[in-house]
Amino acid sequence: MALRVLHIVDSLGGGGAQIVIKGLLEYQQDPDVSLYVLRSVRDPIAINHSKVTVSHSKSRFSLMPLLRLQEWLGRHPVDVLHCHLFRSQVFGWLLKTIIFRKMKLVFHEHGRVFGSEFGQCV
């Protein structure tokens, strides 16, 4: 049996994380892989995949998407919650810690993770 994976991201506004997610979902076209977007934005990146859900919250500070995501997970259980960027990581951690304890979390950090001195030869 394939793992059921849900990717979550704050928005589909133009950015590197969104481009990575678009590539992952459009390349795989796997029915066990879904995307949940925590808020809608103007001019979102289009993702050609059958399992994309967008919460219609406009505010990055709203907790309503957390409740909607909890309801979504109750209807569509997953094995892995793949969290992209900080807000998704916080929401994912809360859901796993409080409700969905058996679900595995993946925190996917995008961008510059280490300071500029990391890895330089001395």
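- A salt bridge links Asp79 to Arg4: at least one charged side-chain nitrogen sits closer than 4.0 Å to a carboxylate oxygen.
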* **Stepwise side chain to side chain contact (heavy atoms under 4.5 Å, CB included) check, Arg39 with Arg87** => CA-CA 11 Å; Arg39 68 184 171 102; Arg87 184 173 185 220; 3.8 Å; yes
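- Atom CG of Leu12 sits about 12.0 Å away from atom CG of Asp43, to the nearest 0.5 Å.
- A continuous path of ILVMFWY side-chain contacts below 4.5 Å connects Tyr36 to Ile99, so both sit in one hydrophobic cluster.
- Expressed to the nearest 0.5 Å, how far CG of Leu95 lies from CD1 of Ile8 amounts to 7.0 Å.
- By the 6.0 Å contact criterion, CZ on Phe107 is enclosed, its count of non-hydrogen atoms from other residues, nucleotides or ligands being greater than 12.
- Counting heavy atoms from C-beta on, the side chains of His7 and Leu25 come closer than 4.5 Å.
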Side-chain donor-acceptor contacts of residues 63-73 below 3.5 Å, not counting sequence neighbours, with atom names and distances?
residue	atom	partner	partner atom	Å
Arg68	NH1	Ser55	OG	3.2
Trp72	NE1	Thr53	OG1	3.4

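- Within the model, atoms CG of Leu24 and NE2 of His82 stand 7.0 Å from one another, a figure rounded to the nearest 0.5 Å.
- The shortest non-hydrogen separation linking Asp30 to His49 is O-NE2, 3.5 Å.
- Here the CH2 atom belonging to Trp93 is positioned 14.0 Å from the CG atom belonging to Leu81, to the nearest 0.5 angstrom.
- Note: Ser88 OG to His108 NE2 = 12.0 Å, rounded to the nearest 0.5 Å.
- Lys51 contributes a side-chain N or O that, together with a main-chain N or O of Pro31, makes up a donor-acceptor pair within less than 3.5 Å.
- For Arg75, the CZ atom sits in a packed shell: over 12 heavy atoms of surrounding residues, nucleotides or ligands are nearer than 6.0 Å.
- Val9 is not connected to Val41 by any chain of hydrophobic side-chain contacts under 4.5 Å among Ile, Leu, Val, Met, Phe, Trp and Tyr, and they are in different clusters.
- Hydrophobic clustering (side-chain heavy atoms under 4.5 Å, transitive across Ile, Leu, Val, Met, Phe, Trp, Tyr) groups Val90 together with Leu6.
- At a threshold of 4.5 Å between side-chain heavy atoms, the hydrophobic network of Ile, Leu, Val, Met, Phe, Trp and Tyr places Phe100 and Val106 in two separate groups.
- Both Leu38 and Met103 sit in one connected hydrophobic cluster of ILVMFWY residues. Membership requires side-chain heavy atoms under 4.5 Å apart, directly or through other members.
- Annotation for Asn48 and Glu26: closest pair N-OE2, 2.6 Å, computed over non-hydrogen atoms.
- Only one option out of Leu35, Ile47, Val37 pairs with Val54 in a side-chain contact (heavy atoms from CB on, under 4.5 Å); it is Val37.
- Atom CG of Leu3 and atom NZ of Lys104 lie 10.0 Å apart (nearest 0.5 Å).
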